[in-house]
Protein chains: 2
Amino acid sequence: MYTKNSLKAELNAKGWRLTPQRQLILQLFQNLPKGRHLSAEELFELLEKRSEGISLSTIYRTLKLMTRMGILRELELAEVHKHYELNTAAPNHHHHIVCTQCNMTIEFENNMITKQAIKQVEKSGLELIDCQLTIYAICPQAIRQGFPAVMSNNWVCSRAINAANKLEKDEE
Amino acid sequence: MYTKNSLKAELNAKGWRLTPQRQLILQLFQNLPKGRHLSAEELFELLEKRSEGISLSTIYRTLKLMTRMGILRELELAEVHKHYELNTAAPNHHHHIVCTQCNMTIEFENNMITKQAIKQVEKSGLELIDCQLTIYAICPQAIRQGFPAVMSNNWVCSRAINAANKLEKDEE
DNA sequence: TTAAGTGCAAAAGTTTTGCACCAAG
DNA sequence: CTTGGTGCAAAACTTTTGCACTTAA
């Protein structure tokens, strides 16, 4: 959990500055419901709604910076865009199962995986920033529709629609 | 390992067709050195060099199709583009460590991780297609340069350059 | 024969950049 | 003050699509 001051300290240590935009973006991530992640575009729209507009380019620049600093983690899910969420200490890392057909995402924690990741990275002599197990799978709905044929490129299983609706609600 | 016939069978079973382009692309992936993966653009250039040009759109379409069929796996490494490689049976899946600064990639196998992934996905009732643990880390070179400050956006550590040179050679 | 696949060119997106201005340290 | 950050608009890329033409089955 960052305070204004600890964020400032960490930035300044590297010759970077604390700006209202950076503060706002981090704060927003810290208030996000657990398990929720945002793309650059979503973040942009969220801020616009609150009329605390930040330009898209600043958002892109900030997301990249914070990812490099290890403050955010960049998720590469089946969806088109990169998504971001707060990075937490290694043993609390969570991982994702994604339906390749409908993008439905399930989050889970599994310490054994995280531990193995730490072991692997130590063995290689690098320094861990983040680790993510992404499992690509097909959900039962999609199987029932006869994956991988039948459905068109835009086919969306109903679970996905439910998940999308749920997210919409969370935002209100 | 697909033969022309087994590929054809699998395609036809879903109402799709075997085309010279699809055959060529799959063949190319099957001949790739172990651990090598390609982006759409790289694949395009590789084919162009051999004057067996396939249009970029066909390449994109084919990569997507084969990923959905489970023939290829889509890797989301730190690099900009998606990369693709042959998908193998689950217990042989390998995972990646990527330096977020220089994109240097280390491949490793770890059955415990794969087993946990299988367990997780079974628990959730979906059907596994692929699982990838991606570890984001910083390599010693990058640390020495004072990560995460100092280096510009384009900074590339020498290890990356070595790795790149090595790849070039593999291609000849 | 006919439905699917290809290539091309155009469109749609996403992400990055140059530059003038502003502001944190 | 001076260096880094922001916003804007333009540029650069990546990926998708419409369409006419080919071709696998």
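Reminder, nothing fancy here: chain letters follow the sequence lines and each chain counts from 1.
Ring planes of A:Phe108 and A:His95: tilted class, angle from 30 to 60°.
One atom, CD of B:Glu48, and another, P of C:dC8, lie 10 Å apart when rounded to the nearest Å. Atom CE of A:Met69 and atom P of D:dG5 are 11 Å apart (whole Å). The CD1 atom of A:Ile59 sits 14 Å away from the C1' atom of C:dT14 (whole-angstrom rounding). Taking atom CG of A:Asn5 as the reference point, atom P of C:dG25 lies 11 Å away to the nearest angstrom. Between the P atom of D:dT16 and the CZ atom of B:Phe44 lies a distance of 16 Å, rounded to the nearest Å. The nearest whole Å value for the distance from the CD1 atom in A:Ile54 to the P atom in C:dA23 is 15 Å. Taking atom CG on B:Leu11 and atom P on C:dG5, their separation rounds to 8 Å, with Å as the unit. Distance CD (A:Glu42) to P (C:dT14): 11 Å, rounded to an integer number of Å.
B:Ile97 and A:Met112 sit in two unconnected hydrophobic clusters of ILVMFWY residues. Membership requires side-chain heavy atoms under 4.5 Å apart, directly or through other members.
For the pair A:Lys8 and C:dG25, the criterion of a side-chain N or O lying under 4.0 Å from OP1 or OP2 is met. At the phosphate of D:dT23, neither OP1 nor OP2 sits under 4.0 Å from any side-chain N or O atom of B:Gln21. Using a 4.0 Å cut-off, no side-chain N or O of A:Tyr60 falls inside it from OP1 or OP2 of C:dT16. At D:dT16, one or more side-chain N or O atoms of B:Lys64 fall inside 4.0 Å of OP1 or OP2 (strictly under the cut-off). Note on A:Arg22: every side-chain N or O is 4.0 Å or more away from OP1 and OP2 of C:dA24.
For A:Arg61 against D:dG4, no side-chain N or O and base N or O form a donor-acceptor pair under 3.5 Å.
Residue A:Thr19 places its side chain closer to D:dG5 than to any other of C:dG25, D:dG5, C:dG7. Proximity note for A:Trp16 (side chain, C-beta onward) versus D:dG5, D:dA25, C:dG5: the nearest is D:dG5. Here the side chain of A:Asn12 is nearest to one of D:dG7, C:dG7, C:dG25, namely C:dG25.
Counting heavy atoms from C-beta on, the side chains of B:Leu65 and B:Leu11 come closer than 4.5 Å.
Proximity of residues 23-30 of chain B to DNA chain D (heavy atom under 4.0 angstrom from any strand atom) is not detected for any residue.
Place B:Ser57 and B:Arg17 on DNA chain C by their nearest nucleotides, and B:Arg17 ends up nearer the 5' end. Along DNA chain D, the nucleotide nearest B:Leu18 and the nucleotide nearest A:Ser55 are compared for position; the residue whose nucleotide lies closer to the 5' end is A:Ser55.
Here the CD1 atom belonging to A:Ile71 is positioned 5.0 Å from the CD atom belonging to A:Glu10, to the nearest 0.5 angstrom. Rounding to the nearest 0.5 angstrom, the gap separating the NZ atom in A:Lys119 from the CD atom in A:Glu122 is 10.0 Å.
Side-chain atoms of A:Glu45 do not come within 3.5 Å of backbone N or O of A:Glu42 as any donor-acceptor pair. Distance alone, capped at 3.5 Å, is enough to place a donor-acceptor pair between the A:Arg22 side chain and the A:Arg17 backbone. A:Ser6 contributes no side-chain N or O that, together with a main-chain N or O of A:Tyr2, makes up a donor-acceptor pair within less than 3.5 Å.
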